[in-house]
2 protein chains.
Amino acid sequence: MDPIDKFREYIKEKGLRNTPERETIIEEIFCTHDHFDADELFLRLRNKRRRISKASLYRTIPLLIESGLIKEVYFENGHRHYEQIYGYKHHCHLRCANCGKIIEFADDEVVKIQERIGKKYGFVITSHRFELVGYCPQCAKRGVGRKRRQLFTKERGKEAR
Amino acid sequence: MDPIDKFREYIKEKGLRNTPERETIIEEIFCTHDHFDADELFLRLRNKRRRISKASLYRTIPLLIESGLIKEVYFENGHRHYEQIYGYKHHCHLRCANCGKIIEFADDEVVKIQERIGKKYGFVITSHRFELVGYCPQCAKRGVGRKRRQLFTKERGKEAR
DNA sequence: ATTATTATTGAGATTCATTAGCAATAATAG
DNA sequence: CTATTATTGCTAATGAATCTCAATAATAAT
């Protein structure tokens, strides 16, 4: 099923109303598999002359999460980052602490741990977040991270663009 | 070694200066094993008549992270949450999406996955974050989460206090 | 299709966590 | 003890995310 249809289903079930703005947002998110944040998404839309207000964008995000189209993947540089999950098999992230490169991986053991721990503590587990952080082959080779890494330093103004 | 001594070591190594404010902050953090956020910590200090400015507190947090005393555990309700890691064995978190209860658990498989994935992609892995989210026995029994869960709704004003 | 109801939009104001600027203070080296 | 300069505390600034409110538009009912 199309993400937009999936969303329509959710909207109907909840007694909400669908709008072109919301569908435009979904289209934009699903035209690539990249991770995104609110501001990036806003700019992507604006570059395509689709003027959606930031308020609407922020208001739509929780709906997309609840309908199972996207999820929040991590919080970094002072804001939330999301990725689509609808239509993609579940995966975890491996991230380079130096260059920011992200690799998606899947490992069957993760689910087994989840089941084991859930049973042990009597929890009904609905989701997990597993992120590995380290240095990618290139950055590790250059010896980055041995000396000084930048923690907590909010980079200003999206240099790489 | 005492957390404060550990911090002094770090300060010396970095050529920084130690201050009573910083030691007061460390003392307060390590007098209990509770998770905390910046504002909670500020209030705990104020209740004990230790007046540290918020600016200093925020400036100290990255130092505590870099020196290995604490780490950021999750981002929720619009702000960061931390926990001490120095002197405690590594663990992961199991969190109830309804009541917020947090259980710390350890599972040997987590490290094995980390090693396996690191080797597979040539990464030097330095840390991981593994969080399971679901419903605790009590909340699951009451059927919470089947109907409507509150996502993204920032609760105002720390009700439970 | 027309109308009534009310969810949604957009623009701007607001909130709140976090950071930055600056003058005064105090930690360290010499 | 003095000089250097990191650190503090205050306040202002920033920026993500939320809220307000009047105007608009999606749906249901006619």
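Here is how names work: the chains are called A, B, and so on, in the same order as the sequence lines, proteins then strands, and each is numbered from 1.
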When clusters are formed from ILVMFWY side-chain contacts under 4.5 Å, directly or step by step, what else is grouped with [X]?
X         : value
Tyr74(B)  : Val73(B), Ile102(B)
Ile113(B) : Leu94(A), Ile103(A), Phe105(A), Val110(A), Ile113(A), Ile117(A), Tyr121(A), Phe123(A), Ile125(A), Phe130(A), Leu132(A), Leu94(B), Ile103(B), Phe105(B), Val110(B), Ile117(B), Tyr121(B), Phe123(B), Ile125(B), Phe130(B), Leu132(B)
Val133(B) : none

How many whole angstroms separate atom [atom1] of [X] from atom [atom2] of [N]?
X        : N       : atom1 : atom2 : value
Leu64(A) : dT8(C)  : CG    : P     : 13 Å
Ile25(B) : dT7(D)  : CD1   : P     : 12 Å
Glu40(A) : dA17(D) : CD    : P     : 12 Å
Tyr58(B) : dG21(C) : OH    : P     : 18 Å
Leu45(B) : dG9(D)  : CG    : P     : 11 Å
Arg8(A)  : dA26(D) : CZ    : C1'   : 13 Å
Asn77(A) : dA16(D) : CG    : P     : 10 Å
Glu23(B) : dA6(D)  : CD    : C1'   : 16 Å

Taking only residues two or more places apart in sequence, or in another chain, which ones meet [X] in a side-chain hydrogen bond (donor to acceptor under 3.5 Å, both in side chains)?
X         : result
Asp108(A) : none
Arg17(B)  : none
Arg116(A) : Asp107(B)

side-chain N/O Arg80(A) vs dA16(D) OP1/OP2, d < 4.0 Å: no
Nearest-neighbour nucleotide for the Ala55(A) side chain, dG9(D), dA17(C), dA11(C) considered: dA11(C)
Candidate nucleotides dA16(D), dT8(C), dG10(C), ranked by approach to the side chain of Arg22(A) - the nearest: dT8(C)
Partner set under ring pair (Phe, Tyr, Trp, His ring centres under 6.0 Å) for Phe36(A), not counting sequence neighbours: Tyr82(A)
Upstream residue (5' side of DNA chain C) when Leu63(A) and Arg59(B) are each assigned their closest nucleotide: Leu63(A)
Angle of first-five versus last-five pair axes in the helix from dA1(C)-dT30(D) to dG30(C)-dC1(D), to 10 degrees: 50°
Distance-minimising heavy-atom pair for His81(A) and Glu76(A): NE2-O, 3.3 Å
Which residue lies more 5' along DNA chain D, comparing Gly15(B) with Phe75(B) via nearest heavy atoms: Gly15(B)
Leu45(B) side chain near Arg51(B) side chain, heavy-atom distance below 4.5 Å: no
Under 4.0 Å protein heavy-atom contacts per nucleotide of nucleotides 23-30 of chain C, with B for base, S for backbone only and - for none: ---BBS--
